[in-house]
Every structure is written in C-alpha cells, then in structure tokens.
Amino acid sequence: MTLQIERSMLQTVLAHLEEAYPEEGAGFLLGRSVNGVRRVTAVFSAANAREDAARNNRFLITPQDTIRAEDEADRLGLEVLGVFHSHPDCPNVPSEFDREWALPWFSYTITRVDGGKAVSTRSWRLKSDRQGYDEEHLEIVPGPAD
C-alpha cells in the first residue's frame, strides 16, 4: 500500500494544519488510485466543527463539507482517497477515537504539529476487521507545480 502526495499538495495540507494549531485541523485527500497506488493531486481543507472544548484533540468534518469535497472531486475528475488531520503536540499514530470513526477504504494521514510547526506526517489504512491499522508507505512526489 502506497500513498503518493504531490509536494505542493502536502505543503497545502501542512499550512492548513499549522494554521489550525493548537486545535486539530482536517480535510480530504483527492486524487486517483491506479494499480494499488493512490496519488493525491488535490486537497479539500475543512473547518473543525467539533465543540470548542474538544478541538485540541478531536476533529469533526460536517456532512456539508463532506458533500463539498465529493463535489470538488467530481468536478476535477478525481475521487476522495482519504482524510488528513493533525495531532497537536502528540504522536501521529491513530487514536482509539480515530479508529472508531475510520473507514477501511480510506487513507488517513496524520501530521504531528508541535508548537504550531508540522514535524512529521504518516499515513494509515484501517484493517478490514477494524481492529487496528496498517501503516501505509507515504511518498512525496513532484507535481506539475514543482
């Protein structure tokens, strides 16, 4: 399992997540899947709709933003490949909360943001039995803008 993300798209994701700090930031990964390799060529950032007191360790994407992301993917001729979000000042491994809400066909990138600065990004896929995750190889690749 490999998730490729174009460098410029990763920079867009990291900027959104750093701006959201000290709260979790989130959004959708858009692109195509070919021969088992997913390539992110666009992103759709979403506001964290979780209640104020929980935004530092939880995120919520509204159904309206989900529909907007799906519409944007359709407009671009892409598909929704997964979700990105941040873990402010803590490891970028999926939490139990993340597992409870995850879908096994999505890629989940989690970026650790320490003190407002993104320090590392990892990608995960929920196992089909929903009991845990497999880490997905994350490859940063040049895009048309690079």
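Quantities reported herein were computed from a predicted structural model and do not represent experimental measurements.
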Asker: Do the side chain of Arg122 and the main chain of Arg112 share a donor and acceptor less than 3.5 angstrom apart?
Answerer: no
Asker: Answer yes or no: is there an ion pair linking Asp114 with Lys117, defined by an N-O contact shorter than 4.0 Å?
Answerer: no
Asker: Ignoring hydrogens and geometry, is there a side-chain-to-backbone donor-acceptor pair from His16 to Phe44 under 3.5 Å?
Answerer: no
Asker: Once rounded to the nearest 0.5 Å, what's the spacing between atom OG1 of Thr41 and atom CG of Leu30?
Answerer: 7.5 Å
Asker: Between the main-chain N or O of Gly115 and the side-chain N or O of Asp89, is there a donor-acceptor pair closer than 3.5 Å?
Answerer: yes
Asker: Would you call Pro88 and Glu23 a side-chain contact if the rule is heavy atoms closer than 4.5 Å?
Answerer: no
Asker: So does Leu81 get a backbone contact from the side chain of Arg38, meaning a donor-acceptor N/O pair under 3.5 Å?
Answerer: yes
Asker: Heavy-atom distance under 4.5 Å between the side chains of Met1 and Ser107, does that happen here?
Answerer: no
Asker: Taking all heavy atoms of Thr111 and all of Ala118, pick out the closest pair and write down the distance.
Answerer: CG2-CB, 3.7 Å
Asker: Determine whether a donor-acceptor pair (N or O, by modelled atom type, separation under 3.5 Å) exists between the side chain of Thr2 and the backbone of His137.
Answerer: no
Asker: So, Gln4 side chain and Glu139 main chain: donor-acceptor pair closer than 3.5 Å or not?
Answerer: no
Asker: Does any non-hydrogen side-chain atom of Leu3 lie less than 4.5 Å from one of Leu138?
Answerer: yes
Asker: Examine Ile61 and Phe97 and state if one hydrophobic cluster contains both, with Ile, Leu, Val, Met, Phe, Trp and Tyr joined whenever side-chain heavy atoms are less than 4.5 Å apart.
Answerer: no
Asker: Is there a path of hydrophobic side-chain contacts, each under 4.5 Å between heavy atoms, that joins Val80 and Trp105?
Answerer: yes
Asker: Compare every heavy atom of Leu126 with every heavy atom of Gly132, then report the nearest pair and how far apart it is.
Answerer: O-CD1, 3.3 Å
Asker: Using a strict 4.0 Å threshold on nitrogen-to-oxygen distance, state whether Arg58 and Glu51 make a salt bridge.
Answerer: no
Asker: Which label fits Tyr133 and Tyr108: parallel for a plane angle under 30°, tilted from 30 to 60°, or perpendicular past 60°?
Answerer: perpendicular
Asker: Would you compute the distance between atom CZ of Phe84 and atom OG1 of Thr12 and round it to the nearest 0.5 angstrom?
Answerer: 9.0 Å
Asker: Kindly indicate whether the side chain of Trp124, heavy atoms from C-beta on, has any atom under 4.5 Å from the side chain of Asp98.
Answerer: no
Asker: Is there a side-chain contact between Val119 and Val113 in this structure, where contact means two heavy atoms from C-beta onward sitting under 4.5 Å apart?
Answerer: no
Asker: Following the transitive rule for hydrophobic clusters with a side-chain heavy-atom cut-off under 4.5 Å over Ile, Leu, Val, Met, Phe, Trp and Tyr, establish whether Leu78 and Phe106 coincide in one cluster.
Answerer: yes
Asker: Check whether Ile5 and Val141 end up in the same hydrophobic cluster, where Ile, Leu, Val, Met, Phe, Trp and Tyr are linked by side-chain heavy atoms less than 4.5 Å apart.
Answerer: no
Asker: What's the separation between atom CD1 in Ile140 and atom CG in Leu10, rounded to the nearest 0.5 Å?
Answerer: 5.0 Å
Asker: What pair of heavy atoms forms the shortest contact from Pro104 to Ser128, and how long is it?
Answerer: CB-CA, 4.4 Å
Asker: Any sub-3.5 Å donor-acceptor pair from Arg99's side-chain atoms to Arg130's backbone N or O?
Answerer: yes
Asker: Could you state the interatomic distance from CD1 (Ile110) to NE2 (His85), rounded to the nearest 0.5 Å?
Answerer: 4.0 Å
Asker: Give a yes or no on this: more than 12 heavy atoms of other residues, nucleotides or ligands lie within 6.0 Å of atom CD of Glu19.
Answerer: no
Asker: Flag the pair Arg68 and Asp65 as a salt bridge only when some basic side-chain nitrogen lies within less than 4.0 angstrom of an acidic carboxylate oxygen.
Answerer: yes
Asker: Considering non-hydrogen atoms only, spot the tightest contact between Thr109 and Ser123 and give its length.
Answerer: CG2-OG, 3.7 Å
Asker: Does the Arg55 side chain pair with the main chain of Asn48, one donor and one acceptor, at a distance under 3.5 Å?
Answerer: yes
Asker: CE/Met9 to CG/Leu14 distance, rounded to the nearest 0.5 angstrom?
Answerer: 11.5 Å
Asker: Rounded to the nearest 0.5 Å, what's the gap from CD on Glu79 to CZ on Phe28? Could you check?
Answerer: 14.0 Å
